[in-house]
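Heads up, the thing below is written out as structure tokens.
Numbering of residues begins at 1 and proceeds along the displayed sequence. Only heavy atoms go into these numbers, but all of them, side chains included; no hydrogens, no water, no symmetry mates.
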Amino acid sequence: MVAICRVIGRVMAPLTHLGLVPPSHLLHHPAKVLFSLGPMGLAAPPLPPAASTTLPTPVMFHTAHWWSAHVISLGRAVRPRVKSLPTRVHLEITRDPDPAGPTPIRQDPDPAGPTPVESCWDLDAYQDALKNSEGPSGDNHFNIMTKDKEPMVRSFHLVCMITLVVGTIIQFSAESEFAVNESNKGLTHVPKDLPPKTIVLDMSQNDIYELHLSDISFLSGLRVLRLSHNRLQYLDMSIFKFNQDLEYLDLSHNQLQKISCHAITSLKHLDLSFNDFGALPICEEFGNLTQLNFLGLSAKHLQPLDLLPIAHLHLSGILLELGGYYVKEHETESLQILNTKTLHLVFHPNNFFSVQANISVNNLGCLQLSNIKLKDENCHILITFLSELTRGPNLLNITLNHVETTWKCLVRVFQFLWPKPVEYLNIYNLTIVEKIGKEDFTYSETSLKALKIEHTVLYTVLSEMNIMMLTISDTPFIHMLCPQATSTFKFLNFTQNVLTDSVFQECTTLVRLETLILQKNKLKDLFKVGLMTKDMPSLEMLDVSGNSLEYDGHNRNCTWAESIKVLNLSSNILTDSVFGCLPPRLKVLDLHSNRITSIPENVIGLEALQELNVASNSLAHLPECDSFSSLSVLITDYNSISNPSARFFQSCQKIRSINAGNNPFQCTCELREFIQSIGQVSSDVVEGWPDSYKCDYPESYKGTLLKDFRVSPLSCNTALLIVTIGVTGLVLAVTVTALCVYFDLPWYLRMVCQWTQTRHRARNTPLHELQRTLQFHAFISYSEHDSAWVKNELVPCLEKEDIRICLHERNFVPGKSIVENIINCIEKSYKSIFVLSPNFVQSEWCHYELYFAHHNLFHEGSDNLILILLDPIPQNSIPSKYHKLKALMAQRTYLEWPKEKSKHGLFWANIRAAFNVKLTLTTEDNDVKT
């Protein structure tokens, strides 16, 4: 396979300089170039001609085989797969300014037979392709019919196609360095400073009137020379004797009247058309041009043996310009052309047809006539002229360009060609100069398979033709009559006309029709379109895209031909209700560029649907396959889908291609599952992934590819979030509880509660009761186990010094709570004496008294604590909950009771010093004591 492709690449490379490869603007976009390889590997079907000489045409050439470069422009309907290359390609060129593209790809109704419109090889297109290194340009759309081959053949075609494109690009880039363009610069002679390595030289559209040997003899590598549209009157062909590689020579559109012959054996293309030759400029030396492929000539008179010197050459095409042809009335000339497959005759554009010549061609396959001006009186001249040309059994294609005729004459031409072996008839730029009247037409047996007419208006004569295929496009065609008898039509194409809803209504004679294209017309009611098809039992493919179709869905049940399998409703104004008016056995449905906002869940009758295109609508949700059990291809790009459901891939088990890109995705938790589901399917299933799938909201993620969007699983799982919060709260509660128990927080809480209640009662006490003085010098707090020392030592010693002592057993008020009594005693005492010992540490009430006394210290702002250490207290014996006691012993000075009697005096002196202040004490009977 690699070797074969290398051979093909080598064949293509030398032809680059001839312009016989895809044009440069296509080489920069190899995805748009398809080399169509027929069953033999190199063969391809013929190409149709352009609508006029100015209409862009495909680049093509003819050597031992036909080659063609097809520019493919497809709409957003059902799109072809790269892995499914066609074995036969039918190409129609129609003017189509709408960028939405043509009808969907459809199967050839007769896989073994011809494509719907076959045509002669257009010599004008051939010449333009060769002359124009930039290649054709324009906005033509091509309708393509394909049928798959076996996978191995498809792979072979793909490999060869890539090899051809890459090889051509490399060769084109290399040789473009040796191309010189001096066209349209007002030159009167050949420039002297041309690069010696020039391969392609273009000096067309100038005023050069003579050529000399010295002008180009030094260009030894010259292969292409274009000198068209100059003022040459004489040419000596021997000036090219040093240009041994010259293959392409264009001398058309000059003023040549005579040439001096010289054989240029390498020449493949020679164009002498549109000059002022009296007779055909054929020399004996032309017989040596064994590689000649194309020959363009001009003449005012014809002689039978003018072409005898080249009779042995096998030419692919001859262009014969007869614009200046003239003979006297009733005189007839003849010309015999022995070997050519294609003949293009160009007549004077402004003169009525008057060529009375018998031109016979052996093995003629394609005939093209341009500039035919007829009236009823000279119609027979054209028919007579065609009589000789159409004798051969091989003439299958006839193309008529720029025809001006009466209706009567046109019908006569149709009647003449009807029984001929011609299979494909194409008419472009047809003008009817008089009123269309009724003309008799005999529909006998015919070989005609397809008729294509552009830029004209025809009715009855077309509807009654017993042919299989008819195309009338880009024409102000307002109606098409229903055939009177059962029609043979299988293919009808009325693209870009002005047909209305009345077309083919109640028409029962189109029983064999398989393909009907009504694209870009004036259709408005989908209900009537369905009625139109109900009497077409063989209809499989219907294209009504690019109209203004609507369906209201109120009280009307649509009726369709049950045989319809492919339906194109794109580029209309249909809404959600369209799903209630569809054929029951559809397999392919195109609804892109409408006004659909949602697909109803209760859609019925579409179980067989395999491909659905709803792109460029206003869908808010990705449709599921509950109503489309056979769906395998879905196109939903350019909609308003923000949160596609992850359930899509579960409901659409048969899906093998989905395109949901270019939608305003909201990158939230809901989208996370859809992204994960995409990751679980094959990369070939999701078209445009990941570049066409971007976040639109929130702003922080805008423009981010969905594959790069990340979000925490915890924030997207409500149950997991609740469990996490619950567990965290529980752990925190357990921890706090443990700390509270460890630090005896309940004890402190109780103390705070008691303190708060006491303070609250104090606030509720009248002001005059709060305005009082102290009643005691000291409040003594001690353990009951230390009461003997307190009563026998401490109290007597202090009271003999007139220090009034408050003791709980004699001063607590009955009826009040212990805590309240403690607080009252502390507040009514100037000092609080705490007798510390291991017994004190073990007493909870002692700790309460210490706590409140310490609190009162900060509350009153006074130094009212006296600590007496009766017995040593080890630090490790103090419970951890008594951290306040530890702090007081560490921060405050305390008096230690000495065991030696001799030290008791100093101890009591320090005690009395703490009370060495005169205080006014108030007794409970309000007696004042100092």
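- Aromatic pair Phe414/Phe416: ring centres not closer than 6.0 Å.
- Shown here is Tyr209, whose OH atom has no more than 12 heavy atoms of other residues, nucleotides or ligands within 6.0 Å.
- Counting heavy atoms from C-beta outward, Ile383 and Arg412 have side chains that approach closer than 4.5 Å.
- In this structure, Ile216 CD1 and Leu222 CG are separated by 6.5 Å, a value rounded to the nearest 0.5 Å.
- Without hydrogens or angle criteria, Asn521 side chain to Leu518 main chain gives a donor-acceptor distance under 3.5 Å.
- His262 contributes no side-chain N or O that, together with a main-chain N or O of Lys241, makes up a donor-acceptor pair within less than 3.5 Å.
- For the pair Leu395 and Thr390, the tightest heavy-atom approach, listed with the atom from each and the gap, is CD2-CG2, 3.7 Å.
- With respect to Lys408 and Glu439, no salt bridge is recorded, no charged nitrogen being found less than 4.0 Å from a carboxylate O.
- Put simply, the side chain of Phe286 reaches to within 4.5 Å of the side chain of Leu270, judged on heavy atoms.
- Distance alone, capped at 3.5 Å, is enough to place a donor-acceptor pair between the Thr509 side chain and the Pro483 backbone.
- For Glu404, there are no salt bridge (Lys or Arg N to Asp or Glu O under 4.0 Å) partners, not counting sequence neighbours.
- Contact of the Ile337 side chain with the Asn362 side chain is not registered, since no non-hydrogen atoms from C-beta on lie closer than 4.5 Å.
- A pairwise comparison of heavy atoms in Phe347 and Asn371 identifies O-ND2, 3.0 Å as the closest pair.
- Gln415 places a side-chain N or O within 3.5 Å of a backbone atom of Thr442 that can act as its donor or acceptor partner.
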Evaluate the side-chain contact (heavy atoms from CB on, under 4.5 Å) criterion for residues Asn206 and Asn184: first the C-alpha distance (whole Å), next the side-chain angles of each, then the deciding distance (0.1 Å), finally the verdict. CA-CA 5 Å; Asn206 283 294; Asn184 200 21; 5.6 Å; no

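- At least one donor-acceptor pair under 3.5 Å links the side chain of Asn230 to the backbone N or O of Ser228.
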For Glu247 and Arg223, run salt bridge (charged side-chain N to carboxylate O under 4.0 Å, His left out): C-alpha distance rounded to whole Å, both residues' side-chain angles, the deciding distance at 0.1 Å, then the answer. CA-CA 5 Å; Glu247 298 179 358; Arg223 297 183 182 179; 5.1 Å; no

Test log, rule side chain to side chain donor-acceptor pair (under 3.5 Å), inputs Gln233 and Gln255: CA-CA 5 Å; Gln233 297 182 358; Gln255 301 170 14; 3.3 Å; yes

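- With Thr406 contributing its side chain and Cys409 its backbone, the two residues share a donor-acceptor pair below 3.5 Å.
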Please tabulate, for side-chain N and O atoms in residues 352-360, each donor-acceptor pair with protein atoms closer than 3.5 Å (sequence neighbours left out).
none

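- The distance from the CG atom of Leu410 to the CG atom of Leu430 is 5.5 Å, given to the nearest 0.5 Å.
- There is a side-chain donor-acceptor pair under 3.5 Å between Glu333 and Tyr325.
- No donor-acceptor distance shorter than 3.5 angstrom exists from the side chain of His189 to the backbone of Ile208, with no hydrogens or angles considered.
- Asn397 contributes no side-chain N or O that, together with a main-chain N or O of Leu425, makes up a donor-acceptor pair within less than 3.5 Å.
- With rounding to the nearest 0.5 angstrom, the CG atom of Asn339 is 9.5 Å from the CD1 atom of Ile310.
- Looking at Pro281 and Leu297, their side chains come closer than 4.5 Å, going by heavy atoms from C-beta outward.
- By the side chain to side chain donor-acceptor pair (under 3.5 Å) test, Asp236 is found to be paired with Ser238, Ser260, residues two or more places apart in sequence or in another chain being considered.
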Ile517 vs Thr471, test: side-chain contact (heavy atoms from CB on, under 4.5 Å). Steps then yes/no. CA-CA 9 Å; Ile517 302 174; Thr471 297; over 6 Å; no

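- For the residue pair Ser298 / Glu321, a side-chain donor-acceptor distance below 3.5 Å is found, with atom types taken as modelled.
- In the displayed structure, Glu377 atom CD is contacted under 6.0 Å by more than 12 heavy atoms of other residues, nucleotides or ligands.
- Although no hydrogens or angles enter the test, the distance criterion places no donor-acceptor pair under 3.5 Å between the side chain of Asn288 and the main chain of Ala263.
- Rounding to the nearest 0.5 angstrom, the gap separating the CE atom in Met465 from the OG atom in Ser487 is 11.5 Å.
- Ser387 approaches Arg391 most closely through the heavy-atom pair O-CG, 3.2 Å.
- Summarising the geometry, atom CG belonging to Leu367 is positioned 5.5 Å from atom CD1 belonging to Ile398; distances are rounded to the nearest 0.5 Å.
- In this structure, Lys420 NZ and Leu386 CG are separated by 9.0 Å, a value rounded to the nearest 0.5 Å.
- Using cut-offs of 30° and 60° for the angle between ring planes, the His269 and Phe294 rings count as parallel.
- The shortest non-hydrogen separation linking Met480 to Leu470 is CE-CD2, 4.2 Å.
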Please test Ser316 against Asn293 for side chain to side chain donor-acceptor pair (under 3.5 Å), starting from the C-alpha separation and ending with a verdict. CA-CA 5 Å; Ser316 295; Asn293 185 49; 2.6 Å; yes

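- Remark: the backbone N or O of Ser444 is paired with a side-chain donor or acceptor of Trp418 at under 3.5 angstrom.
- When only modelled atom types and interatomic distance are considered, Thr488 and Asn466 share no side-chain donor-acceptor pair under 3.5 Å.
- Contact of the Leu369 side chain with the Thr399 side chain is not registered, since no non-hydrogen atoms from C-beta on lie closer than 4.5 Å.
- Considering every non-hydrogen atom in both Asp202 and Arg226, the closest pair reads OD1-CB, 3.6 Å.
- Of all heavy-atom pairs spanning Pro309 and Cys283, the tightest one is CB-O, 3.5 Å.
- In this structure the side chain of Asp474 never reaches within 4.5 angstrom of the side chain of Thr495, judged on heavy atoms.
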